[in-house]
Protein chains: 2
Amino acid sequence: MTPNPSSAPTLRDVAEAAGVHTATASRALNPKTRQQISAETARRVMRAAQALGYQPNSAARSLKTSRTSTVGLVIPDLTNPLFPPIVRGVESVLESSGYNVWIVNTDNDEERERAKIESLRSRQVEGLIVATARLDHPLLQQLHEQGVTMVLINRQVGDLRIPAVTGDDATGVAAGVRHLAELGHTRIAHLSGPLSTSTGLVRSQAFRHAVRDRGLAGDAALVVECARWSEDDGAAAMRELLERDTGCTAVVAGNDLIALGCYDVFAERGLSCPDDLSVIGFNDMPFLDKLRPPLTTVAVPHHELGAEAARMLLDCIGEPERPARSLLLPVSLIVRGSTAPPRA
Amino acid sequence: MTPNPSSAPTLRDVAEAAGVHTATASRALNPKTRQQISAETARRVMRAAQALGYQPNSAARSLKTSRTSTVGLVIPDLTNPLFPPIVRGVESVLESSGYNVWIVNTDNDEERERAKIESLRSRQVEGLIVATARLDHPLLQQLHEQGVTMVLINRQVGDLRIPAVTGDDATGVAAGVRHLAELGHTRIAHLSGPLSTSTGLVRSQAFRHAVRDRGLAGDAALVVECARWSEDDGAAAMRELLERDTGCTAVVAGNDLIALGCYDVFAERGLSCPDDLSVIGFNDMPFLDKLRPPLTTVAVPHHELGAEAARMLLDCIGEPERPARSLLLPVSLIVRGSTAPPRA
DNA sequence: TTGTAAGCGTTATCAA
DNA sequence: TTGATAACGCTTACAA
């Protein structure tokens, strides 16, 4: 039984090269058990490992220890600029705790989501950070009931028993409406995100409350729902809004992409922003300051959202019976050039 | 020895529930071996697995089969909008071939890169797609020599023996210079990316060739190198260029982020684009059409880059002795509002 | 300080 | 068609 020449070296190869037993080699390579070993032997083993380019087989290790030091991160769409900073925030915390992060992309597809989460579970991830929640989400509900350790980020599931980290959407929308009202707008429209997501619903409700509280126009015709959080759907909603001929002078978009869809329609119809219509986005994704006009929006601390979700997940892993808590991170209105007083 | 009540069910739990041996259960659950099993037994086993919420332990499986069906994808910076489409392209091909993709983010940090790749290797990935190559890259060179299956994407290592998929940078830059020359520019500057990367070097060389071929000004002062592919470094380079007082009327930026840095300096100094200076970017990242002014740039098919790299990796995995080949994907100039004839 | 041996959950080989 | 058994590479009581 010669040491395998082609494939990756195993602990046995290292042990043989160092002239010790595999158990000894294992102890020498693990910082926590290295003390049990004579310095001389440890050195010899480590040198052999180095020389062979040995990498411990993590499948074997986690099979034995039943720990994977891995968590899964479930993202709906990595090309939405909102998510990469979340990923970075998550990684910044988990890496320093010795965890690895497995990122999966569901493309907003339920079947793909199921398959990806299944794959994460079969890899024995110790927990999940999930950014794909919908208000009615049987899969997440089921995982939760099965006791899967999980933290939601950005969006929540309807029943609030799962720990979550989100931005303070309601306050953000209220700040946007307030800003428009102070500029003198009285007929403000809302192009909401999908009401099947908590962000869509919460922002939409916050919008209605804010206009009511300020005594502004509250016609149902002033609200249009987008089927998805995308530029195309934003544009479609904007066209619908114009068709309704509501006389609105400002628009609160469900997020920045929807606001960009508005920009497309303005270009299409020769409308001027902010002269004809003011627009406010949500998220403050990168490069909005360079748009024509620069987009007024609500900044959400995405990196911090990710970091806090990671910390919360670590807490949940460490203390499984921990009661679920929700964290609401403060947001702030960023005023740029897409908002101005209504044309007299 | 009761079946473990709390932790995840194993094949043994399923087998016991179905009243068969683990080997039988294994065969029943694997589509490829299911035929060896009586339909009745197979059904019973599958039902039991379903009922218990059984997920095969992939660590155990890959330990036994020495296959992980996993490849690693090494990205320098996920927040650069150029990379998410590459990720999607890679996934679109690999998923349909039954592979999973482990994405890691190096943050352009060598130490982190080493650690992440080590972690991928210890997870026995079957291959690597690497987007972090530098011209001089000892780590990649070493992995290559150790026989690690690997495809480079977007950038190459100096010694071209590693398979790679890249955009046709030289042609793209030539098209940009040609466009500016046809508009009447004769003094064109280049803000290059880091010359430690193949993209930086190739684009820079292509720029020099293009201006020489067209008989345009070739002063060394017209070229400034950016330390990194970032907006901030682009802005710094632009300031340096203005200080040199070269009389240039147009700028070919190494990529879109560097071009955005130029926009920042224009705003800072009250310069007008394209009246005072024309600018061309590279990559055609999202939303450039909505900038002020919309950015003329070179479109690179990033999704396809990713897809082709994935196909190439599959080929390499299937045929290890396959000679390295490089694939150059065509790019196209997208003319927008940031380029115009020089002010008379 | 080091070696022995068992076992993590799965699959492959062999036998029945 | 099914069952018994060994083995993948590693860690960890326990023994020496």
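Reminder, nothing fancy here: chain letters follow the sequence lines and each chain counts from 1.
Contacts between residues 43-57 of chain B and DNA chain C, defined by a heavy-atom separation below 4.0 Å, involve B:Y54, B:P56, B:N57, listed by number.
For B:Q36, the CD atom counts as densely surrounded, since its 6.0 Å shell holds more than 12 non-hydrogen atoms of other residues, nucleotides or ligands. Residue B:E110 qualifies as open at atom CD: its count of foreign heavy atoms under 6.0 Å is 12 or below. Within 6.0 Å of atom CZ in A:R322, more than 12 heavy atoms from other residues, nucleotides or ligands are found, so the atom counts as buried in its surroundings. In the displayed structure, A:D136 atom CG is contacted under 6.0 Å by at most 12 heavy atoms of other residues, nucleotides or ligands.
The distance from atom CD of B:Q35 to atom P of D:dT1 is 9 Å, rounded to the nearest whole Å. Going from atom CD of B:Q36 over to atom P of C:dA15 covers 16 Å, rounded to whole Å. Atom CG in B:L63 sits roughly 9 Å away from atom C1' in C:dC8 (whole-Å rounding). Between the CG atom of B:N30 and the P atom of D:dT2 there is a distance of 15 Å, rounded to whole Å. The distance from atom CD of B:E16 to atom P of D:dG3 is 13 Å, rounded to the nearest whole Å. For the pair B:L11 CG and C:dC8 P, the computed distance is 13 Å after rounding to whole Å. Rounded to a whole Å, the NZ atom of A:K32 is 16 Å from the C1' atom of D:dC10. Separating the CD1 atom of A:I37 from the C1' atom of D:dT11 is a distance of 13 Å, rounded to the nearest angstrom.
When the side-chain nitrogen and oxygen atoms of B:R12 are compared with OP1 and OP2 of C:dG9, none of them lie within a distance under 4.0 Å. Remark: A:S66 is not in phosphate contact with C:dC8, judged by side-chain N or O atoms under 4.0 Å from OP1 or OP2. The side chain of A:T65 places no N or O atom within less than 4.0 Å of a non-bridging phosphate oxygen (OP1 or OP2) of D:dC10. Regarding contacts with the backbone of D:dT2, a side-chain N or O of B:S38 is found under 4.0 angstrom from either OP1 or OP2.
Side-chain polar atoms of B:R121 and B:Q146 form a donor-acceptor pair below 3.5 angstrom. Between the side chains of B:E113 and B:T132, at least one donor-acceptor pair of N or O atoms lies under 3.5 Å. A:S119 and A:S122 share no donor-acceptor pair across their side chains, judged by distance under 3.5 Å alone. A donor-acceptor pair shorter than 3.5 Å cannot be found between the side chains of B:R112 and B:N105. Side-chain atoms of B:R123 and A:N57 include no donor-acceptor pair closer than 3.5 Å.
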Listed pairs, N/O of protein and of nucleotides 3-6 of chain C, under 3.5 Å:
{"from": "C:dG3", "atom 1": "OP2", "to": "A:H21", "atom 2": "N", "distance (Å)": "3.1"}
{"from": "C:dG3", "atom 1": "OP2", "to": "A:T24", "atom 2": "OG1", "distance (Å)": "2.5"}
{"from": "C:dG3", "atom 1": "N7", "to": "A:R27", "atom 2": "NH2", "distance (Å)": "2.6"}
{"from": "C:dG3", "atom 1": "O6", "to": "A:R27", "atom 2": "NH1", "distance (Å)": "3.0"}
{"from": "C:dG3", "atom 1": "O6", "to": "A:R27", "atom 2": "NH2", "distance (Å)": "3.1"}

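Of the possible polar contacts, one joining the A:S198 side chain to the A:Q156 backbone as a donor-acceptor pair under 3.5 Å is found.
Residue A:Y99 is tested with A:V125, A:T70, A:T68, A:L314 for a side chain to side chain contact (heavy atoms under 4.5 Å, CB included); the sole match is A:L314.
Taking only side-chain atoms of B:T41, from C-beta outward, the nucleotide of C:dG9, D:dT1, D:dT11 with the closest atom is D:dT1. Comparing D:dG9, C:dT2, C:dG9 by their nearest atom to the side chain of B:T10 picks out C:dG9.
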For this session: Show your reasoning for whether salt bridge (charged side-chain N to carboxylate O under 4.0 Å, His left out) applies to B:R161 and B:E145.
Result: CA-CA 10 Å; B:R161 314 293 292 280; B:E145 281 158 12; over 6 Å; no
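Direction of the helix axis in the helix from C:dT1-D:dA16 to C:dA16-D:dT1 shifts by 40° between the two five-pair termini, rounded to 10°.
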